Q: 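Got a structure for you, written out below as structure tokens; questions coming shortly.
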Amino acid sequence: MTVGIDDISIYIPRLFVDARDFAVARGMDPDKLQRGLGISKMAMVDTNQDPACMAANACLRIMQKSHLSPKDIGRLYVATESSLDESKAMNSYVIGMLEQIYGDDSFEHCGGIECKFACVSGSYALYDNSNWIRAGESGGKSAIVVVSDIAKYDLGSSGEYTQGAGAVAMLVNDNPRLLEFDPKVTSTSIKNEYDFYRPFGKETPIVHGQYSNLLYLLQVKKALMLYKEKALSTGLIKLKAGETILDYIDFLSMHLPYSNMGKKALAYLLRHEWRKLPRWKKIIEKIGMEEPIPKDPRGTIESVLADSEFMTKDHEFTKKFSKTEEFQEVYDTKLASSLIASQMIGNLYTASLYLGFRSCLEFEFQKGTDLAGKRFGFGSYGSGSSAMVFSGAIKPTYKEIVKDMNLESEIGNRVKLSLEEYEEIHENKRGPKENFLDSKEEFVLIDVENIAESKGERRYVFTG
Ligand code: COA
């Protein structure tokens, strides 16, 4: 049975912090953010925005764009790591907001939950909803999967320059106009880790950034190896001598905590896939050094990170590899377009992968690339930690959806925050009603109850 993404919509807050202003304020070289990490702007929520209203705004946009009524929707899932409550699921707030537009109880037939596994939960939510449709349980209805997050780190920490906010809503059904998932190849890896986590009651995460970067690469590689086995055994991909599975993936969307992480992941996966192929010999000659090997043959993440000589040489090797024309060609044709939105918006945690997918569609379409039938590979990673690799093919009808994509107009007029204003928002010094921007035709938060019997109840309105 065909299942896939029929339509996609985004909601990105209009406030932003400029990476150059930020770097100057923190005494950093602006080039580190712009060239080193690939960050030019970080979207910030206003005082009257939260992950639930961003999710509801993205949902409303997809409902209106695809002319849907609540009866067309059988499930509404929200995947997030910016949970508002230990018990009440974020999709219930979203349903409440949508019912302000579509009428009381208009979504009461609809099921759904909030999903959590750091930045990978959106991929699990898509997979589970696809399987709900494959199982014949949907009764012809579609599912909406919304990924929504605020990436927030401590002031002055090394994570602070990888912040951002936004939501992506995806309509999943059995007659998708955009992308059809490849069946029986979705692959996962999982391990109990503490690379990034946010204990109860803490608003910002505890992060071991370099550890997390390496774990991301290892976990995605493991999931890719399993994907490869499945793609070959199901006959989805047939390899000839000297080929790799990545030769058959036309475009890649990777999890993007910052845009250059996509490039790092591509280099790592290509090295892994190419090193046993005849083409590697020529590349090694061009690079002019052998690929370094860690001292500890077990290759555990701890031993690799502790092996500083290996890490330095490996970093040098990766840099040289990334400059080869073989790497550049793959980078330019398969990945670069997916990184543009991340540079403009920043980190969206669970939504980052899907903003990257959206970015690739928009910017490849603008280049005039014919995407019909092209295979997209997705490399999803969530700290804690789990990875998921899956793929899908673009449908011939994709232009119906992609022709109207325009990130800049969909975000609207963006407003730059001064560093003082940014810090006021970051440190929660302003209440929901002390917002910076007037909003039009969108859901905003107006109040959070503080009295004991209704503490934490949140009220939202749709602005006229
Ligand atoms: N000009 C140009 N580039 C510069 C530079 C300068 N002046 N100074 C540093 N850089 C480059 C570095 O070479 C490096 O690039 P490379 O790895 O390709 O060589 C890049 O900028 C980042 O520098 P680094 O020193 O590694 O950054 P950091 O220690 O400040 O931390 C993160 C970066 C991403 C680990 C940190 O921001 C973080 O923890 N973020 C949150 C968690 C996260 O994103 N985890 C990722 C996995 S999900």
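In this chain, residues are counted from 1 in sequence order. Owing to the predicted nature of the structure, the values given are computational and were not obtained by experimental measurement.
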Q: Using a strict 4.0 Å threshold on nitrogen-to-oxygen distance, state whether Lys374 and Glu364 make a salt bridge.
A: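 No, this pair does not count.
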
Q: What I want to find out is whether Glu423 reaches Lys429 closely enough, with some N-O distance under 4.0 Å, to be called a salt bridge.
A: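 No salt bridge links Glu423 with Lys429.
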
Q: Between Gly156 and Arg26, which heavy-atom pair has the shortest distance, and what is it?
A: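 Nearest pair, atom of Gly156 first, then Arg26: N-NE, 4.2 Å.
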
Q: Could you note down all residue pairs passing ring pair (Phe, Tyr, Trp, His ring centres under 6.0 Å) where residues 49-99 supplies at least one of them, sequence neighbours left out?
A: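 Passing the test, one end in residues 49-99: no pairs.
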
Q: To check you understand the geometry: which heavy-atom pair defines the closest contact between Arg430 and Thr47, and what is its length?
A: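 Arg430 and Thr47 have their closest heavy atoms at CB-CG2, 3.5 Å.
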
Q: Between Lys228 and Glu273, does at least one N-O distance fall below 4.0 Å, as a salt bridge requires?
A: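 Salt bridge present between Lys228 and Glu273.
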
Q: Within the structure provided, determine whether Ser83 and Lys116 are in side-chain contact (heavy-atom separation under 4.5 Å).
A: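 Side-chain contact under 4.5 Å: no.
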
Q: Does any N or O in the side chain of Asp149 come within less than 3.5 Å of the main-chain N or O of Ala151, such that one atom is a donor and the other an acceptor?
A: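 Answer holds: no.
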
Q: Spell out, as yes or no, whether a donor-acceptor pair under 3.5 Å connects the side chain of Ser359 to the backbone of Ser337.
A: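 Yes; at least one donor-acceptor contact below 3.5 Å.
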
Q: Ser383 and Tyr216: side-chain donor and acceptor closer than 3.5 Å?
A: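 No donor-acceptor contact under 3.5 Å links the two side chains.
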
Q: Should we say atom CG of Asn428 is surrounded by more than 12 heavy atoms from elsewhere, each under 6.0 Å from it?
A: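 More than 12 within 6.0 Å, yes.
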
Q: Within a strict 4.5 Å, meaning less than it, do heavy atoms of the Leu218 and Lys191 side chains meet?
A: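 SC-SC contact between Leu218 and Lys191 ruled out.
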
Q: Could you tell me if Asp7 and Ser66 have a donor-acceptor pair between their side chains, going purely by distance under 3.5 Å?
A: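 Yes, Asp7 and Ser66 have a side-chain donor paired with an acceptor closer than 3.5 Å.
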
Q: Is the closest basic N to carboxylate O distance between Arg75 and Glu137 below 4.0 Å?
A: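 So Arg75 does not pair with Glu137 through a salt bridge.
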
Q: Check for me whether Lys263 meets the cation-pi criterion with Tyr331, that is, NZ or CZ under 6.0 Å from the six-membered ring centre and within 45 degrees of the ring axis.
A: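 Yes, Lys263 lies over the aromatic ring of Tyr331.
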
Q: What pair of heavy atoms forms the shortest contact from Thr333 to Phe251, and how long is it?
A: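 Closest approach of Thr333 to Phe251: O-CE2, 3.2 Å.
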
Q: Answer yes when Lys65 and Asp404 have at least one side-chain N-carboxylate O distance shorter than 4.0 Å, and no when they do not.
A: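 The answer is no: the pair does not qualify as a salt bridge.
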
Q: With heavy-atom distances below 4.5 Å as the criterion, would you say the side chains of Leu353 and Val147 are in contact?
A: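 Leu353 vs Val147: side chains apart.
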
Q: What is the ring orientation for Phe22 with Tyr161, classed by angle as parallel under 30°, tilted 30 to 60°, or perpendicular over 60°?
A: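 If you compare the ring of Phe22 with that of Tyr161, the planes turn out perpendicular.
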
Q: Side chains of Asp50 and Tyr460: is there a donor and an acceptor less than 3.5 Å apart?
A: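 Per modelled atom types, Asp50 and Tyr460 side chains form a pair under 3.5 Å.
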
Q: Which atoms form the tightest heavy-atom contact between Tyr11 and Asn57, and what is the distance?
A: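 For Tyr11 versus Asn57, the nearest heavy atoms are CD1-CB, 3.5 Å.
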
Q: Go through the side-chain N and O atoms of Tyr268 and Asn213 and say whether any donor and acceptor fall under 3.5 Å apart.
A: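 The criterion, which ignores hydrogens and geometry beyond distance, is not satisfied for Asn213 and Tyr268.
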
Q: For the pair Phe117 and Tyr124, name the ring-plane relationship: parallel under 30°, tilted 30 to 60°, perpendicular over 60°.
A: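 Geometry flag for Tyr124 against Phe117: parallel rings.
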
Q: Of all the heavy-atom pairs spanning Leu437 and Asp46, show the shortest one and how long it is.
A: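 Looks like N-OD2, 2.9 Å.
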
Q: Who passes side chain to side chain donor-acceptor pair (under 3.5 Å) against Thr186, sequence neighbours left out?
A: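 If we apply the side chain to side chain donor-acceptor pair (under 3.5 Å) test to Thr186, skipping adjacent residues, there are no hits.
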
Q: Apply side-chain contact (heavy atoms from CB on, under 4.5 Å) to Ser189 and list each qualifying residue two or more places apart in sequence or on a separate chain.
A: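 side-chain contact (heavy atoms from CB on, under 4.5 Å) list for Ser189, sorted by chain: Gln219, Lys222, Ala223, Ala387.
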
Q: Could you pull out all residues at least two apart from Tyr197 that satisfy side-chain contact (heavy atoms from CB on, under 4.5 Å)?
A: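 Expected list: Tyr194, Pro199, Ile206.
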
Q: Looking only at non-hydrogen atoms, find the nearest pair between Pro51 and Thr80 and report the distance.
A: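 Heavy atoms only, the tightest pair is CB-OG1, 4.5 Å.
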
Q: Is a side-chain donor-acceptor pair under 3.5 Å present for Tyr349 with Ser82?
A: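 No, Tyr349 and Ser82 have no side-chain donor paired with an acceptor closer than 3.5 Å.
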
Q: Using the test salt bridge (Lys or Arg N to Asp or Glu O under 4.0 Å), find all partners of Asp182 that sit at least two apart in sequence or belong to another chain.
A: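 Asp182 satisfies salt bridge (Lys or Arg N to Asp or Glu O under 4.0 Å) with Arg375 once adjacent residues are dropped.
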
Q: Under 6.0 Å from the ring centre and within 45 degrees of the ring axis: does the NZ or CZ of Arg14 meet both conditions for the six-membered ring of Phe436?
A: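 Here Arg14 fails the 6.0 Å and 45° test against Phe436.
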
Q: For the residue pair Thr397 and Lys399, confirm or rule out a side-chain donor-acceptor distance under 3.5 Å.
A: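 Result is no, nothing qualifies.
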
Q: Do Met225 and His272 have side-chain heavy atoms sitting under 4.5 Å apart?
A: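 A side-chain contact exists here, since the closest heavy-atom pair is under 4.5 Å.
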
Q: Assess whether atom NZ of Lys71 is packed by more than 12 heavy atoms of other residues, nucleotides or ligands within 6.0 Å.
A: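 Not buried by this count: 12 neighbours or fewer within 6.0 Å.
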
Q: Does Ser338 reach the side chain of Phe357, with side-chain heavy atoms less than 4.5 Å apart?
A: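 Counting from C-beta outward, Ser338 and Phe357 never come under 4.5 Å.
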
Q: Between Val402 and Leu178, is there a side-chain heavy-atom distance shorter than 4.5 Å?
A: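 Yes, at least one pair of side-chain atoms sits under 4.5 Å.
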
Q: Set out, in order, the CA-CA distance, both residues' side-chain angles and the distance that settles ring pair (Phe, Tyr, Trp, His ring centres under 6.0 Å) for Phe390 and Tyr127, then state yes or no.
A: CA-CA 9 Å; Phe390 57 102; Tyr127 184 55; 8.2 Å; no

Q: May I have all residue pairs that pass ring pair (Phe, Tyr, Trp, His ring centres under 6.0 Å) and include part of residues 403-434, sequence neighbours excluded?
A: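 Every pair satisfying ring pair (Phe, Tyr, Trp, His ring centres under 6.0 Å) with a residue in residues 403-434: Tyr422-His426.
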
Q: Backbone N or O of Leu407 within a donor-acceptor pair of the Glu362 side chain at under 3.5 Å?
A: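 Yes.
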
